[in-house]
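Please read the structure below before turning to the comments.
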Amino acid sequence: MATHLVAISSPLQLINAMEALSHHRLQPEDCQLIVRAVAGTQNDKVIRELLNEASWASIYWYDSKSKFLMLPKLLHHFKGSHWQVVVGGELTPWWLNTLYANIEMESLVLVDDGVMTLADHDKYLSKGRLPEKTKGFKDKVLGLLGFNTMSFEIESPLELFTIFDLESTQYCSVSKNEMRVLRQQLAERQAFADDGDIVFVGQPLVGIGMVTWKTVKQHLLAVRSQSPTGRVIYCTHRNEDAEDISRIRELDGFEVVTFPCPIEIGLSRLEQPISMLVGFCSTALFTLNQFYQELPIKFVEFESDEYLTEEYRRNAGNIYQNLAQSIPKLEQAEPRAMNTAYP
């Protein structure tokens, strides 16, 4: 019978949850796993690729395509259950905090969901409260069905298990995620060479409205100018728009690669020699820097006036500040000038 609960909604959360279980000497066979994903999506496919279903005590698939219609079913299944340790992949989602309000737990371990951990630590874990964004009608419906609605207070004991160098607060203790499990699984890679291609870590920055395609293109062309081969292998993010990926594929010297697994694993499968790995502000830069210490890894920083909103400018500044502690910035020629020098 499962005594612990794990709830994830992305491949990275699953990887980090497995690291957390190992860190706490817990076994998947003692854990109930909840997977929130839309069936058939790239996110769902990558999770299934990583997941050894037979190793878990039980798996509950929460299809979030019609998430509110499915949420009462989820809550009914778990309402009143007691867990020794709960491992959660996100801090702020309404569905997950509503689940927490309807179960009993002895401790909660929060794992990274990408670089949003930095913003969550700054905004919420340092203050002890979640954003008070109620669902109004949906909360009323859940109440009528006999379910509790989410609390905005961050309750102790809460542990943040993270790859980032963050300080404990009065509301949470911080433990370092050294990614030991994944380190052991990755085969040693030898195909690094000074005269190899540059690998670029993709992000859906245009799709989320952080910067424009013109800005991304200018920086990508500036990166290409530093490739010894004149080529860049662009590794897509599962949430990037197809239109944006097509635009990159049309750029001279760019090869687009989509891994059926997280880039931390996919990079070990590339056959081409690599001279450097580059990205904007991706979580993968932090994790890849731990796994491939012999590979030069650098980040590209946007100019202050290139962000479309002040919130993105502030959040990215926090990410870049953390990146700079262990990863050097890629010094480029003026990216705006590169837009005219290359097609």
Side-chain angles (χ1 to χ4, degrees), residues 10 12 41-43 114-116 118-119 196-259 263 266-267 270 272 274-286 288-289 296-324 327-343:
S10 75
L12 180 61
T41 61
Q42 183 65 16
N43 185 60
V115 292
M116 284 307 298
L118 300 174
D197 298 338
I198 286 180
V199 168
F200 198 95
V201 181
Q203 287 180 268
L205 302 182
V206 177
I208 65 174
M210 181 174 178
V211 293
T212 65
W213 160 245
K214 179 181 178 181
T215 294
V216 169
K217 176 183 176 182
Q218 289 169 342
H219 284 286
L220 289 178
L221 295 178
V223 169
R224 187 188 63 181
S225 72
Q226 299 197 36
S227 173
T229 63
R231 295 190 301 272
V232 175
I233 302 171
Y234 185 93
C235 301
T236 64
H237 187 281
R238 67 185 185 282
N239 292 333
E240 281 188 90
D241 293 338
E243 180 182 357
D244 295 329
I245 294 174
S246 295
R247 286 169 168 173
I248 295 168
R249 188 176 281 112
E250 291 171 359
L251 296 176
D252 288 346
F254 279 78
E255 176 186 349
V256 173
V257 174
T258 299
F259 294 124
I263 190 172
L267 189 64
L270 281 179
Q272 304 97 312
I274 300 170
S275 62
M276 182 165 53
L277 188 140
V278 181
F280 289 118
C281 48
S282 170
T283 305
L285 296 179
F286 292 94
L288 289 166
N289 191 48
I297 298 178
K298 298 185 179 183
F299 68 88
V300 174
E301 186 170 7
F302 293 115
E303 299 293 334
S304 179
D305 63 351
E306 291 179 327
Y307 298 100
L308 296 179
T309 70
E310 178 59 34
E311 182 178 7
Y312 280 130
R313 183 181 295 109
R314 182 174 60 253
N315 289 342
N318 191 15
I319 295 168
Y320 284 128
Q321 183 178 356
N322 279 271
L323 275 170
I327 299 173
K329 177 180 176 180
L330 179 66
E331 299 300 332
Q332 304 179 80
E334 173 58 44
R336 291 183 176 91
M338 302 305 296
N339 194 40
T340 58
Y342 291 86

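Quick note: numbers below take in every heavy atom, side chains included, and nothing from hydrogens, waters or symmetry partners. Bear in mind the structure is a predicted one, so any value in this text is a computation, not a measurement.
- Within the 4.5 Å cutoff, the side chain of K298 has heavy atoms near those of the M276 side chain.
- A 4.5 Å side-chain heavy-atom check between R224 and D252 finds at least one atom pair inside the cut-off.
- Residues D197 and S275 are not in side-chain contact: their nearest non-hydrogen atoms beyond the backbone lie 4.5 Å or more apart.
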*Apply the test side chain to side chain contact (heavy atoms under 4.5 Å, CB included) to residues I208 and Y312: give CA-CA distance (whole Å), side-chain angles for both, the deciding distance (0.1 Å), then the verdict.*
CA-CA 10 Å; I208 65 174; Y312 280 130; 3.7 Å; yes

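- Using a 4.5 Å cut-off on side-chain heavy atoms (C-beta onward), L267 and L270 make contact.
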For this session: Determine, stepwise, if the pair F302 / Y307 fulfils ring pair (Phe, Tyr, Trp, His ring centres under 6.0 Å).
Result: CA-CA 8 Å; F302 293 115; Y307 298 100; 5.8 Å; yes

Validation: residues 198-207 side-chain donor-acceptor distances under 3.5 Å, sequence neighbours left out:
residue: Q203; atom: OE1; partner: C281; partner atom: N; Å: 2.9
residue: Q203; atom: OE1; partner: S282; partner atom: N; Å: 3.2

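- The closest donor-acceptor contact from the side chain of T215 to the backbone of V211 lies at 3.5 Å or more, if one exists at all.
- With contacts defined as side-chain heavy-atom distances shorter than 4.5 Å, the pair H219/E306 qualifies.
- The aromatic ring centroids of F280 and F299 lie 6.0 Å or more from each other.
- Classification of R313 and E310 as a salt-bridged pair holds, one side-chain N sitting under 4.0 Å from a carboxylate O.
- In summary, the side chains of Y234 and E240 do present a donor paired with an acceptor at a separation below 3.5 Å, with no hydrogens or angles considered.
- Panel note: side chain N318, backbone R314; no donor-acceptor pair is recorded below 3.5 Å.
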